[in-house]
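First the structure, in the form of C-alpha cells, and then the observations on it.
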Amino acid sequence: MTPAPSAVERAAAALARLRHARLLHPAGRVFAAEAMIWGTPGPPTGVPLLDLPGRWPATVRLSKGTPTPPGWPDVLGVAVRLHRDPEPPIDLLVSSSGAAPVLRNLPLPRRRFTGTYTSIMSFRAGARRLFLAVLADPDSPDLGRTLAEADAAVAGDEPRLVLAVASAVGPWRPFGEVRLSGRHGGPEDAVPAFDPIGNVPPGLRLAGPLARLRDASYRGSRRGRGAPLSREARRG
C-alpha cells in the first residue's frame with residue numbers, strides 16, 4: 001500500500017504540474033553513452049559497482065539547475081543511468097561543486113559544463129562515508145558553456161567523463177569513465193525519470209533528513225509531470 005504523499009511531495013508535484021516540466025533541472029540534453037568501470041584503485045570500498053570491472057550501455061543527461069539564460073552561472077547537473085538488464089538500473093546524479101573536501105558537499109554555480117560534479121550528499125557503505133563524483137577528463141573535448149555547445153561537442157567527438165569516489169576528506173579515486181556517443185533519440189521527457197534514491201548502487205545507502213527531502217522532491221516532480229515511479233516509490 002502506497003502511503004499518503006508528504007507535504008514536500010505534494011508541493012513538488014504541484015510545481016511540476018504548473019511548470020509542465022521537471023521541478024529540478026528542467027532544461028537539459030540527453031545522450032546515449034557507454035560506461036566502463038575498471039575498479040577503485042587502492043583499498044576496495046566494498047561496493048561492487050565501484051570495485052569490480054564492468055561495461056554497460058548508459059544514458060547521460062546534462063542539465064541546468066534553473067531556467068537562466070544560456071551561459072549564465074548556474075548549478076549544473078549530470079545524471080548517469082547504467083542499463084544493467086536484467087538487473088535494475090543504477091542512477092548517479094551529481095551537481096556542480098568544488099573538488100576539495102571542504103567544497104564537495106556544496107552546490108556551486110558554474111558557467112561551463114566541463115568541471116567537477118559531486119553527489120553533494122554522502123553515501124554510507126557499512127560504517128564508511130563516501131562521495132561520488134563526475135570529473136573532467138583533461139584529454140577529452142570541452143563540453144562548452146551552453147547546452148547547444150555540449151550538443152556540438154558530442155556530435156563532433158566522443159567526450160569522456162571520469163567517475164570517481166572519495167571519503168569525506170580523502171582524494172578522488174577514479175573507478176571508471178562514461179563516453180558520450182550521441183544525442184538520445186526521441187523527446188527529452190521520454191527518457192527515464194532518474195531516481196537517485198530508488199536506484200542507488202547496491203552496497204550504498206543514503207540516510208538522514210536531506211535524503212528524505214530529496215526523495216520526496218523527486219517523487220513529487222515525477223508525479224506532477226506524469227513520469228513513472230520507481231519500484232521503491234510504488235511500494236512506498
Side-chain angles (χ1 to χ4, degrees), residues 11-33 58-81 91-99 103-121 131-137 140-157 159-163 178 180-197 199 210 213-222 224-227:
L15 287 171
R17 282 193 294 269
L18 182 65
R19 294 174 62 173
H20 304 289
R22 301 167 186 264
L23 175 64
L24 306 169
H25 292 264
R29 293 290 189 277
V30 180
F31 303 95
T59 299
V60 174
R61 184 174 189 260
L62 304 179
S63 61
K64 291 168 53 64
T66 58
T68 55
W72 282 33
D74 201 347
V75 176
L76 307 177
V78 176
V80 180
R81 167 161 287 188
D91 290 342
L92 307 176
L93 273 67
V94 290
S95 300
S96 56
S97 66
L103 297 177
R104 62 184 52 155
N105 64 341
L106 296 175
L108 298 177
R110 195 167 64 225
R111 291 181 181 272
R112 308 192 70 84
F113 278 95
T114 298
T116 297
Y117 299 79
T118 77
S119 55
I120 305 298
M121 293 186 299
F131 287 87
L132 299 180
V134 168
L135 309 176
D137 184 333
S140 176
D142 190 281
L143 289 171
R145 295 180 56 180
T146 66
L147 291 169
E149 289 180 8
D151 259 345
V154 176
D157 208 326
R160 297 176 303 279
L161 303 172
V162 176
L163 304 176
V178 176
L180 283 62
S181 57
R183 278 295 299 275
H184 195 285
E188 182 182 28
D189 282 338
V191 303
F194 296 96
D195 185 348
I197 307 295
N199 294 334
L210 286 179
L213 178 63
R214 188 180 191 185
D215 186 28
S217 299
Y218 273 92
R219 284 161 57 99
S221 177
R222 291 192 294 271
R225 69 180 197 277

So which heavy atom on [X] is nearest to which on [Y], and how close?
X      : Y      : answer
Ala33  : Val178 : CB-CG1, 3.7 Å
Ala150 : Leu62  : CB-CD1, 3.9 Å
Ala136 : Thr114 : CB-CG2, 3.6 Å
Pro159 : Ser140 : CA-OG, 3.3 Å
Val94  : Ala133 : CG1-CA, 4.4 Å
Val154 : Gly182 : CG1-N, 3.5 Å

Which distance, rounded to the nearest 0.5 Å, do you find between the CE of Met121 and the CG of Asn105?
->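 Spacing of CE (Met121) from CG (Asn105) equals 11.0 Å.
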
Could you give the distance from OG1 (Thr118) to CZ (Arg104), rounded to the nearest 0.5 Å?
->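 CZ of Arg104 is found 8.0 Å from OG1 of Thr118.
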
From CA spacing to verdict: side-chain contact (heavy atoms from CB on, under 4.5 Å), Ser97, Leu106 | CA-CA 6 Å; Ser97 66; Leu106 296 175; 5.7 Å; no

Test side-chain hydrogen bond (donor to acceptor under 3.5 Å, both in side chains) applied to Asp157 - qualifying residues, sequence neighbours left out =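 With sequence neighbours excluded, Asp157 shows a side-chain hydrogen bond (donor to acceptor under 3.5 Å, both in side chains) to no residue whatsoever.
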
CA sep, side-chain torsions, deciding dist, call: Asn199, Arg81, side-chain contact (heavy atoms from CB on, under 4.5 Å) = CA-CA 9 Å; Asn199 294 334; Arg81 167 161 287 188; 3.1 Å; yes

Partners meeting salt bridge (Lys or Arg N to Asp or Glu O under 4.0 Å) with Arg112 (sequence neighbours left out) |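 So Arg112 forms a salt bridge (Lys or Arg N to Asp or Glu O under 4.0 Å) with Asp142.
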
What residues, two or more places apart in sequence or in another chain, satisfy salt bridge (Lys or Arg N to Asp or Glu O under 4.0 Å) together with Arg111?
->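 Not a single residue meets the salt bridge (Lys or Arg N to Asp or Glu O under 4.0 Å) criterion with Arg111.
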
Test item: [X] side-chain N/O and [Y] main-chain N/O as donor-acceptor pair under 3.5 Å:
X      : Y      : result
Asp74  : Leu76  : no
Ser63  : Gly28  : no
Ser96  : Leu108 : yes
Ser181 : Ala32  : yes

Phe113: which of Val78, Leu147, Leu161, Thr146 passes side chain to side chain contact (heavy atoms under 4.5 Å, CB included) =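 When side chain to side chain contact (heavy atoms under 4.5 Å, CB included) is applied between Phe113 and each of Val78, Leu147, Leu161, Thr146, only Leu147 qualifies.
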
With Arg61 as the cation and Phe31 as the aromatic partner, state whether NZ or CZ is under 6.0 Å from the six-membered ring centre and within 45° of the axis.
->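 Verdict for Phe31: no cation-pi partner in Arg61.
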
Is the NZ or CZ atom of Arg110 both under 6.0 Å from the centre of the six-membered ring of Tyr117 and within 45° of that ring's axis?
->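 So Arg110 does make the cation-pi contact.
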
side-chain contact (heavy atoms from CB on, under 4.5 Å) between Leu92 and Leu132, worked out | CA-CA 8 Å; Leu92 307 176; Leu132 299 180; 3.8 Å; yes

Could you go through the side-chain contact (heavy atoms from CB on, under 4.5 Å) check for Thr59 and Val30 one step at a time?
-> CA-CA 7 Å; Thr59 299; Val30 180; 3.6 Å; yes

Determine whether Val162 and Val134 make a side-chain contact, defined as any pair of heavy atoms from C-beta on separated by less than 4.5 Å.
->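 No. Closest side-chain heavy atoms not under 4.5 Å.
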
